[in-house]
Protein chains: 2
Amino acid sequence: MSQVQSQRMQSMCESAKAHVDDLLVLLSKSKMLSILYIMNCDKEPMRFSEIKKRVNSSSTTVARRLAELEDHGLVTRTAFATVPATVMYELTDDAITLQPSLESMFEWVLNRADSSV
Amino acid sequence: MSQVQSQRMQSMCESAKAHVDDLLVLLSKSKMLSILYIMNCDKEPMRFSEIKKRVNSSSTTVARRLAELEDHGLVTRTAFATVPATVMYELTDDAITLQPSLESMFEWVLNRADSSV
DNA sequence: GTAACAGGTTACAACATTGTTACAAAAGAA
DNA sequence: TTCTTTTGTAACAATGTTGTAACCTGTTAC
């Protein structure tokens with residue numbers, strides 16, 4: 001850990017610790033890392049059905065995860081009045097800054113999964 | 001996503017996908033990222049009580065997480081016959097290769113928590 | 001003999017999360 | 001008119017996870 005980070009850690013007030021925990025809880029929810037990773041691969045806005053198909057989970061869970069991401073300002077939701085409905089989800093700039101970490105973490109996961117087969 | 005990764009994704013057999021999911025589920029368990037991060041900061045072997053204190057969780061949960069990490073070959077557990085007992089946990093080389101991702105992810109989390117106060 | 005310590009385990013009740021099923025809206029196609 | 005589509009939501013039972021409280025080991029100190 002760098003000295004700057006260490007100092008920041010130590011000087012952090014309770015409310016910031018709560019925010020850190022909050023974010024870690026968010027990121028630790030089921031399928032959350034996958035959703036963020038998938039959306040970061042294709043930088044384009046993505047439809048609900050496409051996300052659902054790629055993470056291979058129920059509508060309920062995907063809808064919940066996307067709502068939580070929206071609540072935290074990590075995705076934007078845009079609905080188009082087509083028939084049938086079209087809804088696009090897009091990562092915010094803040095979420096995009098998480099990309100290097102995600103990519104590096106998934107690379108580790110893929111390598112480990114590979115070598116364990 | 002790089003072309004190499006993309007190809008690896010597509011050519012992955014079902015069992016590898018299962019391994020990926022397994023790892024993502026592991027990493028998504030409560031306190032797991034924190035434990036890995038903390039142990040990666042201090043590279044030294046760490047005592048159970050120290051880990052427990054730093055992640056601020058119950059013995060039960062910390063013990064469960066450490067056992068899961070050991071099962072996955074990400075930490076080693078070494079018991080010393082001192083009185084009272086001393087047990088040291090240490091990241092394996094494999095787990096240490098996850099460090100850059102973790103550090104970068106926690107930096108993102110800390111920055112976001114900071115700016116949301 | 002009993003208190004204290006680290007490092008747990010076990011049982012269990014409370015709580016959280018999941019997927020399933022049913023439903024809805026809106027409009028164009030058959 | 002009814003079917004189809006996408007994008008969800010609501011209710012609910014099943015399942016999973018958590019912390020708490022009690023207990024255990026082994027040895028040294030009182």
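A, B, ... follow the sequence lines: proteins, then strands. Residue 1 opens every chain.
Between B:Y89 and the phosphate of C:dA6, there is no side-chain N or O to OP1/OP2 separation shorter than 4.0 Å. Taking side-chain N and O atoms only, B:S30 has a distance below 4.0 Å to OP1 or OP2 of D:dT18. For B:T86 and C:dA6, the shortest distance from a side-chain N or O to OP1 or OP2 is not below 4.0 Å. Contact check, A:R65 against C:dT18: a side-chain N or O comes under 4.0 Å of OP1 or OP2.
Taking the side chain of A:R77 as heavy atoms from C-beta on, and the options D:dT7, C:dG19, C:dG7, the nearest nucleotide is D:dT7. Checked against D:dG26, C:dG8, D:dT7, the side chain of B:P84 finds its nearest nucleotide in D:dG26. For B:T60, counting side-chain heavy atoms from C-beta on, the closest listed nucleotide (C:dT10, C:dA6, D:dT18) is C:dT10. Here the side chain of A:S59 is nearest to one of D:dT9, D:dT6, D:dT18, namely D:dT9. Among the nucleotides C:dG7, C:dG19, D:dG19, the one closest to any side-chain atom of B:V87 is C:dG7. The A:A85 side chain lies nearest to D:dT7 when the options are C:dG7, D:dT7, D:dT18.
Between A:V83 and A:F48, the one whose closest nucleotide on DNA chain D sits nearer the 5' end is A:V83. Between A:K31 and B:S49, the residue whose closest nucleotide on DNA chain C is further toward the 5' end is B:S49. When each of A:L66 and B:V25 is assigned the nucleotide of DNA chain D bearing its nearest heavy atom, the one mapping closer to the 5' terminus is A:L66.
To the nearest 0.5 Å, the span separating NZ on B:K31 from OG1 on B:T61 amounts to 8.0 Å.
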A:E50 and A:R54: salt bridge (Lys or Arg N to Asp or Glu O under 4.0 Å), yes or no, with the steps?
CA-CA 6 Å; A:E50 176 70 12; A:R54 295 230 217 153; 2.8 Å; yes
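The distance between atom CE of A:M88 and atom P of D:dT6, rounded to the nearest whole Å, is 14 Å. B:E50 places its CD atom 17 Å from the C1' atom of C:dG8, with the value rounded to the nearest Å. Atom-to-atom, CD of A:E70 to C1' of D:dT7 comes out at 14 Å; the value is rounded to the nearest Å. Taking atom CG of residue B:L69 and atom P of nucleotide C:dG8, one finds them 13 Å apart after rounding to whole Å. Between the NZ atom of A:K52 and the P atom of C:dT20 there is a distance of 9 Å, given to the nearest Å. Between the P atom of C:dT20 and the CZ atom of A:R64 lies a distance of 12 Å, rounded to the nearest Å. Note: CE (B:M46) to P (C:dA6) measures 17 Å, nearest angstrom. Whole-Å rounding puts the B:E68 CD to D:dG16 C1' distance at 12 Å.
When atom types are taken as modelled, the side chain of B:W108 and the backbone of A:A95 share no donor-acceptor pair closer than 3.5 angstrom. With B:N111 contributing its side chain and B:E107 its backbone, the two residues share a donor-acceptor pair below 3.5 Å.
A donor atom on one side chain and an acceptor atom on the other are not found under 3.5 Å apart for B:R65 and B:S57.
As judged by a 4.0 angstrom heavy-atom cut-off over every strand, A:S57 is placed among residues touching the sugar-phosphate backbone only. Nucleic acid contact for A:R47: sugar-phosphate only, since backbone atoms but no base atoms lie under 4.0 Å from a heavy atom of the residue. Within 4.0 Å (heavy atoms only), A:K29 reaches sugar-phosphate atoms of the nucleic acid but no base atom. Residue A:F80 is classed as having no contact, given no heavy-atom separation below 4.0 Å to the nucleic acid. Within 4.0 Å (heavy atoms only), B:T82 reaches no atom of the nucleic acid at all.
Minimum interatomic distance between B:A113 and A:L23 (heavy atoms only, all atoms of both residues): N-CD1, 4.2 Å.
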